[in-house]
Amino acid sequence: MHTILTEHDCSQAAGKALQFLQAGFHPATGWKDFWTPAGVSDAWVTAYTGSILAGIPCKEAQTLAFRAWSILECTQYHTGGWSYGHTVPMDADSTTWGLLLATRLGQQHSKRYQLALQALRPHINEQGVATYLHPAAIAGFMGIADYPHFEGWTQAHMCVTAATALLPPFREQLSGVLLNNQQPDGSWPAYWWFETAYTTALAVECLSADPSPQALTAVKRAGAMALQRLTDESGQLSPFSLALLLNIGLSAGLHSETVIRKGLQQLLQLQQENGCWKAGAWLRIPRPDDLVPDMTTPWQRWFGAAQPMHTTAEKLAGTFHIFSVDQHHYFTTATVLKTLQLYHPQQTHYTPVSSGIREDYPLSAANIAAFSRDGMIQLRQVFDRESIYHYKDRITALVAHAGQQEHSGRSSRDIRSFLRATDTGDTDKEIHAFIRQPVLAAIAARLLQTDAVRLYHDQAFFKLPGNNATPWHQDHTYWPVDTDQMLTIWIPLEDIAPDMGGMRYVAGSHQKGYLGDIDYLNNSPQALADFTDSNGLSVYSADNIPAGDVLIHHGWTIHGAAPNTSARTRKSLTIVYFADGARLAGITPATPSSDAEKQAAWLRDEDLRLRFPGCTYGDFAISLRTPLLYP
Ligand SMILES: O=C(O)CCC(=O)C(=O)O
Ligand SMILES: [Fe+2]
């Protein structure tokens, strides 16, 4: 067969695979695969898939990998580490993949990374890495607390050891262990897999970076084994096995071997229409006392319990020596992506994923400088009118339902300032996507001059006819986040005319940071004039804003809005972003004195409780409610 495998072929295939993984990614749980008696795996599969994407140098893959990490940061056990899935006790394999993901994203400084590393350490001994450390926890989870024989599960496993060996802190120690455990045929054994190429691919990835003669020999032997199997089993290999054998060959430097090129071409031919490669990763669950599962027969595929199991004996008989496959194809597809990456490491030309949403807004250096000087900016035509009007209708329906008439927080004035609804994206899928679209988050990140931003919240502000002015205030007063890098994108949902209650900003006031209780500015126009005059600042009035434009203000910029004297409702949606890496904090003064300060402190506590459940001041400002939106 004549085999020409172009860069273009690989990058096309990888782009489609990426789209498949993107489509299957759930914002709260990541990817799920493998049905076993312990349920379906989310954390482990998400960590594995994410860690492969993190190694692919293109924007879509990096974004997905960051999202996966963001989920793992929220779902980690407080004792550190990750597990197979929801409610299953922590294990060394899932924890290793979580750590590999963090490492590849450069997140070693993260508190969760450090915690997981600590939790992993005790699993490592001279024999390698044990998946489970405490039989009691896992036996309790399985409902066989009285069964004492977990020697099989608490011994060192080469399939876990080879993955952990890829973590820089353990590489040296575990390379030695790997060298001692290579089989005569050049492979490494696997405990949780039928396919020894799983362990071998990881071992070779680790050892190929080791310049010692022993490592070199080991890698060569593994490479020869892979070539042999690719030849002998050609045409019978599942995409999973084929990808792993190719990984071994590629890590061993055998790119130009005909068998490798043929294998790659076969692999590309096996890609499905939707971008995936069909499930072929056979995960097995030996009995906890089984030390060498390769000797065990027979194995049953898990389709759920055949009959109800109550006693330990029934559970032992019914839930072990079973196997399962990655029924959603994510695990296999991620493994194949790794192969493509190894074949063309420097290629970043993956087919861009088209989402239908605008990808970029041409923000200029002058825009960024203006925002940093004024603490506010108006950006022209970020959206087209039709799409804004589409969202206007959806948001109007929602506000009518969920809106709350308010005095805008603090000032008890007779007439209310607006009708407000928070978290509008929670109940409407389209608004959810609109709020999370990358173009807005990218604008936020660039104006804040930071690498990554999270969503804080979204709120709709509808100023009804006759509603009062929005009092002057500083938003950040209400947000329990310690970074100054926060901003709001204020999106008019239709044209705003001068009598509808346009936004007002004290340009440059953000540079002063927290100004204390500034409610006195609302006492009279003179109070404000005195403040701006004595500080050399001026007020910017955004009176005529066409739909499609957006207004953006910094978290410390003093702002308000004029009353709505027209007969129309002024409709707007706001999205608040903050720089990733912030921690939860109150603002100074720690002891509020005025009523306004007391109320602000109460609102910060309230937001901490609502937006960062389970967190306290000092923790990282990370939660499922505040996802990373960029990159
Ligand atoms: O729309 C308004 O009138 C007030 C909006 C506001 O204060 C904000 O977006 O922070
Ligand atoms: Fe505000």
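Order of listing sets the numbers, starting from 1, for every ligand and every atom in it.
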Any N/O/S atom, side chain or main chain, of H559 closer to the Fe ion (ligand 2) than 2.8 Å? yes

For the CD1 atom of I622 and the CD1 atom of I71, what is their distance to the nearest 0.5 Å? 12.5 Å

Given Y505, which partner from the list I558, I377, L551, L537 fulfils the side-chain contact (heavy atoms from CB on, under 4.5 Å) test? L551

Decide side-chain contact (heavy atoms from CB on, under 4.5 Å) for F383 and Y361; before the verdict, give the C-alpha distance in whole Å, the side-chain angles of both, and the deciding distance to 0.1 Å. CA-CA 10 Å; F383 305 105; Y361 178 84; over 6 Å; no

Atom pairs, nitrogen or oxygen, ligand 1 to protein, under 3.5 angstrom:
unit_1: ligand 1; atom_1: 1 (O); unit_2: W490; atom_2: NE1; d: 3.0
unit_1: ligand 1; atom_1: 1 (O); unit_2: R570; atom_2: NH1; d: 3.4
unit_1: ligand 1; atom_1: 1 (O); unit_2: R570; atom_2: NH2; d: 2.6
unit_1: ligand 1; atom_1: 3 (O); unit_2: T470; atom_2: OG1; d: 2.8
unit_1: ligand 1; atom_1: 3 (O); unit_2: R570; atom_2: NH1; d: 3.1
unit_1: ligand 1; atom_1: 3 (O); unit_2: R570; atom_2: NH2; d: 3.2
unit_1: ligand 1; atom_1: 7 (O); unit_2: H473; atom_2: NE2; d: 3.1
unit_1: ligand 1; atom_1: 7 (O); unit_2: H559; atom_2: NE2; d: 3.1
unit_1: ligand 1; atom_1: 10 (O); unit_2: D475; atom_2: OD1; d: 3.2
unit_1: ligand 1; atom_1: 10 (O); unit_2: D475; atom_2: OD2; d: 2.9
unit_1: ligand 1; atom_1: 10 (O); unit_2: H553; atom_2: NE2; d: 3.3
unit_1: ligand 1; atom_1: 10 (O); unit_2: H559; atom_2: NE2; d: 3.0

Least distance between heavy atoms, V399 atom then A460 atom: CG2-CB, 3.6 Å

Charged N to carboxylate O under 4.0 angstrom, R570 versus E494? no

Verdict with supporting geometry, W472 and R504, side-chain contact (heavy atoms from CB on, under 4.5 Å): CA-CA 9 Å; W472 297 106; R504 304 274 181 271; 3.4 Å; yes

Looking at D475, which of its N, O or S atoms is the nearest one to the Fe ion (ligand 2)? OD1

Other residues, nucleotides, ligands: >12 heavy atoms within 6.0 Å of K32 NZ: no

